Enquirer: 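I'd like to ask some things about the structure below.
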Amino acid sequence: MKQQIIKILRYTPYQYDMMVFELYYAWCIEHSFNHNHLQKLISNRKLHSWFMREYTNKERNFLEYSKDYQGSSVKMLRNLYDTETCSINFFPKAILNEIRKTVKKTTVIGAHPAVRPNLN
């Protein structure tokens, strides 16, 4: 499927990989509350796997829709792709809560009670 997307959008494999990473990074920024939490989100394998499953579903939808636009400009197809794949507007609450607990533990350990961050 990746090769089909690359061919339709006329991206190099590197451009495609960077685009997917940037979307994951932006999604993580949207769901983080500080830098430490962002780092935990980006590096969490469960979260990344969940995101990629959702992203793959969005790409499948794009491939279905793009059949109706054969012969269209690359710009139009890229806009269609962006519209479809940038719409992961939900999140896996259980995974995010699990990550949040690890951030609280690593952030609070050793901190004086008066300077502990409010993570609620």
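If you're wondering where the values come from, they're calculated on a predicted model, not measured in any experiment. Values below: all heavy atoms of this structure, side chains included; hydrogens, waters and symmetry mates excluded.
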Enquirer: Check whether Tyr81 and Tyr65 end up in the same hydrophobic cluster, where Ile, Leu, Val, Met, Phe, Trp and Tyr are linked by side-chain heavy atoms less than 4.5 Å apart.
Expert: yes

Enquirer: Can you run down the salt bridge (Lys or Arg N to Asp or Glu O under 4.0 Å) pairs that involve residues 1-26, sequence neighbours left out, and say none if there aren't any?
Expert: Lys2-Asp17

Enquirer: Tell me whether Tyr55 is reachable from Met18 by hopping between hydrophobic residues (I, L, V, M, F, W, Y) whose side-chain heavy atoms are closer than 4.5 Å.
Expert: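 Looking at the clustering, Tyr55 is in a separate group from Met18.
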
Enquirer: Could you pull out the closest heavy-atom pair between Cys28 and Leu41, with the gap in Å?
Expert: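 Of all heavy-atom pairs spanning Cys28 and Leu41, the closest is O-CD1, 3.5 Å.
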
Enquirer: Closest heavy-atom contact between Gln15 and Thr12?
Expert: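 Smallest heavy-atom distance, with atoms named: OE1-N, 2.8 Å.
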
Enquirer: With side chains defined as the heavy atoms from C-beta onward, is the minimum distance between Thr83 and Phe62 less than 4.5 Å?
Expert: no

Enquirer: Between Trp50 and Trp27, how do the two ring planes meet: parallel, tilted or perpendicular, split at 30° and 60°?
Expert: tilted

Enquirer: According to salt bridge (Lys or Arg N to Asp or Glu O under 4.0 Å), does anything in residues 75-85 pair up with another residue at least two apart or in another chain? List the pairs.
Expert: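 Those involving residues 75-85 do not exist here.
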
Enquirer: Run the numbers on Tyr16 and Tyr11 for ring pair (Phe, Tyr, Trp, His ring centres under 6.0 Å), then give the verdict.
Expert: CA-CA 6 Å; Tyr16 173 84; Tyr11 283 138; 7.5 Å; no

Enquirer: Is it true that a side-chain atom of Ser32 and a backbone atom of Ile29 form a donor plus acceptor pair closer than 3.5 Å?
Expert: yes

Enquirer: Looking only at non-hydrogen atoms, find the nearest pair between Lys58 and Thr85 and report the distance.
Expert: CB-CA, 3.9 Å

Enquirer: Would you kindly confirm whether Val74 and Ile8 end up in one hydrophobic cluster when ILVMFWY residues are joined by side chain heavy atoms under 4.5 Å apart?
Expert: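 No, it is not one cluster - the side chains of Val74 and Ile8 are not joined through contacts under 4.5 Å.
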
Enquirer: Please report the shortest heavy-atom distance between Lys46 and Asn44, naming the atom on each side.
Expert: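 The pair with the smallest heavy-atom distance is N-OD1, 3.0 Å.
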
Enquirer: Is there side-chain contact between Leu47 and Tyr24, with at least one heavy-atom pair below 4.5 Å?
Expert: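 Yes; the side chains approach each other to less than 4.5 Å.
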
Enquirer: Shortest non-hydrogen contact from Leu77 to Ser66?
Expert: CD2-CB, 4.2 Å

Enquirer: With clusters defined by side-chain heavy atoms of hydrophobic residues (ILVMFWY) lying less than 4.5 Å apart, directly or transitively, does Tyr14 cluster with Met1?
Expert: no

Enquirer: Which atoms form the tightest heavy-atom contact between Cys86 and Leu23, and what is the distance?
Expert: SG-CD2, 3.5 Å

Enquirer: Would Ile6 and Gln3 count as a side chain to side chain contact (heavy atoms under 4.5 Å, CB included) here? Give the steps.
Expert: CA-CA 5 Å; Ile6 287 171; Gln3 293 305 318; 4.2 Å; yes

Enquirer: What distance separates Thr56 OG1 from Glu54 CD, expressed to the nearest 0.5 Å?
Expert: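 Reported value, rounded in 0.5 Å steps: 9.0 Å.
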
Enquirer: Would a 4.5 Å heavy-atom cut-off, applied to side chains only, mark His48 and Met52 as touching?
Expert: yes

